[in-house]
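The chain is numbered in sequence order, starting from 1. Every number for a ligand or one of its atoms is a count from 1 in the order of the listing. As a basis for the values below, the full set of heavy atoms in this structure was taken, side chains included, without hydrogen atoms, waters or symmetry mates.
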Amino acid sequence: MGDVARAVNIAELRRMARARLPRVVFDYLDGGAEDERTLRDNVAAFRRWQFRPRHGEATGAFDLSTKVMGQNLAWPMLAAPIGYSGLMHRDGERGMGRAAAKADIAYVMSTISGTAMEEVAATGVPLFLQIYLLGGREAGEATLARAREAGVKGLFLTVDTAVAGLRERDLRNGLVQLMGRDIAAKLPYLPDVLAHPRWVFDYLMGARMTHLPNVIVPGKGPLPLTDVASALARSLVTWEDLAWIRAQWKGPIAVKGVLTGEDARRAVDGGADAVVVSNHGGRQLDGVAASLDALPEIVQAVGRDCDVLMDGGIRRGGDIAKALALGACAVLVGRAGAYGLAAGGEAGARRAFAILGADLMRTLALLGRPSAALLDGSCLQRRD
Ligand SMILES: Cc1cc2nc3c(=O)[nH]c(=O)nc-3n(C[C@H](O)[C@H](O)[C@H](O)COP(=O)(O)O)c2cc1C
C-alpha cells in the first residue's frame with residue numbers, strides 16, 4: 001500500500017483507482033447520469049467562489065469539531081454512503097468503517113452493502129445508516145430494530161431515487177448484465193474484467209457480495225444482489241415513509257437528496273432533524289443545480305430549524321471550508337473516500353480522509369479563521 005501513502009491529493013488516488021479497477025467498476029464509481037453536466041458542475045461550483053483571507057492575527061488553537069444530529073464530531077465531514085463498496089476493494093464497508101474510525105470521522109453506511117451493520121459498528125466508528133426501503137416496510141422494520149441494537153447513531157433517508165438515473169457508462173460496460181444471473185449475457189463484457197486479474201483475485205478473496213445482509217425480506221432471507229435493481233425501482237421513499245419511520249425510530253433522522261427550500265421545509269415539518277443538500281453526486285437527474293449552488297436556498301429555508309449538511313464535488317479540504325462558509329454544518333464525502341478505498345482498501349480511504357483533513361486545517365490557517373465556527377459568508381467572494 002506504499003503507493004496510496006504517497007498520494008498527495010484526491011486526483012492521484014482517483015488515477016490509482018482507475019489503474020486498479022476494471023472499467024465497469026471504475027465507471028460505476030466515477031460516472032454520473034446522462035451528459036454528466038451536474039456531476040461536473042458539482043466540482044466546478046466550488047471554483048466559482050474565492051476566499052477572502054484575513055492576515056496578521058495569531059490563529060491560536062484549531063477547532064474543527066461540530067455537532068451533527070446530536071453527535072459530537074471531531075471533523076465536519078462524514079464518509080458518504082456508497083453502494084457496492086465491496087466491488088471497490090475486498091476491505092469493503094469494514095475497511096471504510098475502520099478508515100473513518102482512525103480518521104476520527106463518522107460513516108454513513110449504504111443499504112446497498114455487502115457487510116452486516118453490526119460488523120461495521122464493531123470497528124468503533126460513529127455509524128449512521130442510509131435507508132432505501134428495499135424489501136418494503138416489513139423488511140425496513142427489522143432493519144431499524146437491528147440498527148437500534150447495533151448502536152447506529154441516526155438514519156439518512158435517501159429521497160432522490162424514484163428510479164435509477166440513466167448512467168450511460170454503466171449501460172455501455174454491461175454493469176447490469178455482469179451483476180445478473182444470465183451467464184450468456186455477461187460474455188461480451190467479461191474481457192474488461194478478466195484484463196484485471198489482480199482485481200478479480202482480490203474480489204474472489206473478499207466477501208463477494210451476493211446478498212444484502214441488512215435487508216432481510218420476511219420469509220425469504222437477505223435480498224439477493226441480482227434482485228437489487230428491480231427492488232430499487234419499486235422502493236421510492238415518500239413523505240409518508242418519513243412519517244412512518246419517524247414513528248418507529250426515536251433517534252435522529254436526516255433526509256438526503258434535498259435541492260429546494262420547499263422540500264427542506266417538508267422534511268423538517270415531517271420530523272427530520274437534518275437535511276442533506278445533495279444531487280446524489282450527479283448520478284440521478286442530470287441538469288439539476290450543483291449542490292453548493294442549492295445550499296444557500298436551503299440554509300435560508302430551514303437553517304435555524306435543523307442541521308444542514310451537503311455533499312457533491314468535495315475533492316479538496318478548501319471545498320469543505322467553502323461549504324461551511326455558505327452555511328453547511330458538515331459535508332458528506334463520497335467519491336473522494338471511495339477513490340481511496342478503490343486505490344488501496346482501508347489504507348487508501350484513510351489516506352483520502354487524511355489529505356482532506358490536512359487540507360482543511362491549512363486552508364483555515366491561511367484564511368485566518370482557525371475554527372469551523374468562524375467560517376461565514378465574509379470568508380468568500382463570488383468569482384465573475
Ligand atoms: C458509487 C456511488 C454509489 C453511491 N451509492 C449511494 C447509496 O447507496 N445511497 C445513497 O444515498 N447515496 C449513494 N451515493 C451518493 C453519495 O452518497 C453522495 O451523495 C455523492 O457521492 C456525493 O458526491 P461526491 O461523490 O462528489 O462526493 C453513491 C455515490 C457513488 C459515487
Side-chain angles (χ1 to χ4, degrees), residues 10-11 13-14 17 21 24-33 36 38-46 77-89 92-93 96 106-115 128-134 155-162 164-165 167 169-170 173 175 209 212 214-215 223 225 228-229 231-232 235-237 254-259 275-285 288 290-292 294-295 309-317 319-320 323 328 330-342 349 352-353 356:
I10 301 300
L13 289 172
R14 178 177 177 272
L21 298 177
V24 62
V25 181
F26 178 75
D27 278 351
Y28 163 70
L29 165 57
D30 192 61
E36 303 191 337
T38 297
L39 171 68
R40 282 191 298 278
D41 205 34
N42 272 349
V43 175
F46 289 98
M77 62 171 154
L78 300 83
I82 298 287
Y84 303 108
S85 290
L87 295 179
M88 315 298 158
H89 194 280
E93 294 84 12
M96 188 56 97
Y107 176 28
V108 187
M109 174 181 175
S110 170
T111 287
I112 305 179
S113 293
T115 313
F128 293 84
L129 184 64
Q130 179 266 327
I131 300 284
Y132 288 129
L133 281 177
L134 299 176
L155 306 177
F156 282 65
L157 209 55
T158 302
V159 294
D160 59 8
T161 317
R167 308 193 190 134
R169 298 199 213 182
D170 294 350
N173 297 327
L175 182 70
M209 276 184 87
L212 301 189
N214 301 308
V215 183
L223 188 75
L225 203 65
V228 170
L232 254 182
S235 75
L236 167 64
V237 177
V255 171
K256 175 175 182 283
V258 168
L259 285 173
V275 293
V276 185
V277 181
S278 171
N279 49 41
H280 216 106
R283 298 165 75 80
Q284 287 297 104
L285 181 58
V288 298
S291 303
L292 192 72
L295 177 61
L309 295 86
M310 71 82 67
D311 72 25
I314 304 270
R315 304 290 184 268
R316 294 261 178 200
D319 299 339
I320 302 175
V331 301
L332 304 190
V333 171
R335 291 184 185 78
Y339 291 140
L341 184 73
F353 300 136
L356 292 176

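- Here Ala45 pairs with Arg48, Ala290, Leu292, Asp293 under the side-chain contact (heavy atoms from CB on, under 4.5 Å) rule; sequence neighbours left out.
- At distances below 3.5 Å, at least one donor-acceptor pair connects side-chain atoms of Asn173 with backbone N or O atoms of Arg169.
- The closest non-hydrogen atom to atom 17 (O) of ligand 1, taken over Gly312, Ala79, Pro81, Ala338, comes from Pro81.
- If you run side chain to side chain contact (heavy atoms under 4.5 Å, CB included) between Val258 and each of Asp160, Val275, Asn279, Leu309, only Val275 comes through.
- For Arg315, every heavy-atom contact with ligand 1 shorter than 4.0 Å involves the side chain, none the backbone.
- No donor-acceptor pair under 3.5 Å is formed between the side chain of Arg283 and the backbone N or O of Arg167.
- Atoms of ligand 1 lying under 4.0 Å from any heavy atom of Ala80, numbered from 1 in the order shown and given with element: 17 (O).
- Considering backbone and side-chain atoms together, Arg283 places no N or O closer than 3.5 Å to any N or O of ligand 1.
- In terms of N/O distances under 3.5 Å, ligand 1 is approached by Arg335.
- Nearest heavy-atom pair across Leu356 and Ile320 is CB-CD1, 4.4 Å.
- Within the listing of ligand 1, atoms 19 (O) sit less than 4.0 angstrom from a heavy atom of Ser278.
- No part of Tyr84 comes within 4.0 Å of ligand 1, judged by heavy-atom distances.
- Not one N or O on the side chain of Ser113 forms a donor-acceptor pair closer than 3.5 Å with the backbone of Thr115.
- Atom 26 (O) of ligand 1 has its closest protein heavy atom at Gly313 N, 2.8 Å.
- Against a heavy-atom cut-off of under 4.0 Å, Gly83 is close to the following atoms of ligand 1: 3 (C), 4 (C), 5 (N), 6 (C), 7 (C), 8 (O).
- Contact annotation: for Ser110 versus ligand 1, heavy atoms closer than 4.0 Å belong to the side chain alone.
- In this structure, atom 27 (O) of ligand 1 lies nearest to the protein heavy atom Gly334 N, 3.0 Å.
- Between Ala336 and ligand 1, no pair of N/O atoms sits closer than 3.5 Å.
- Residues passing the side-chain contact (heavy atoms from CB on, under 4.5 Å) test with Ala342 are Ala17, Leu21, Leu29, Met88, sequence neighbours excluded.
- Residue-level proximity to ligand 1 for Thr158 is carried by the side chain, the only part with a heavy atom below 4.0 angstrom.
- Nearest protein neighbour of atom 18 (C) of ligand 1, counting heavy atoms only, is Asp311 OD2, 3.3 Å.
- Of all atoms in ligand 1, numbered sequentially from 1 with element shown, those under 4.0 Å from a heavy atom of Tyr28 are 1 (C), 3 (C).
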Test side chain to side chain contact (heavy atoms under 4.5 Å, CB included) applied to Asp311 and Val333, step by step: CA-CA 6 Å; Asp311 72 25; Val333 171; over 6 Å; no

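- Close N/O approach between Ile82 and ligand 1 is not found [any backbone or side-chain N/O within under 3.5 Å].
- The OH atom of Tyr132 sits 14.0 Å away from atom CG of Asn214, with the distance rounded to the nearest 0.5 Å.
- The closest donor-acceptor contact from the side chain of Asn42 to the backbone of Ser291 lies under 3.5 Å.
- Near Leu29, with a cut-off below 4.0 Å to any heavy atom, the atoms of ligand 1 are 1 (C), 31 (C).
- A perpendicular orientation is assigned to the rings of Phe128 and Phe156, their planes being inclined by more than 60° (bins at 30° and 60°).
- Proximity annotation for atom 10 (C) of ligand 1: of Met109, Lys256, Met310, Arg167, Lys256 comes nearest, heavy atoms only.
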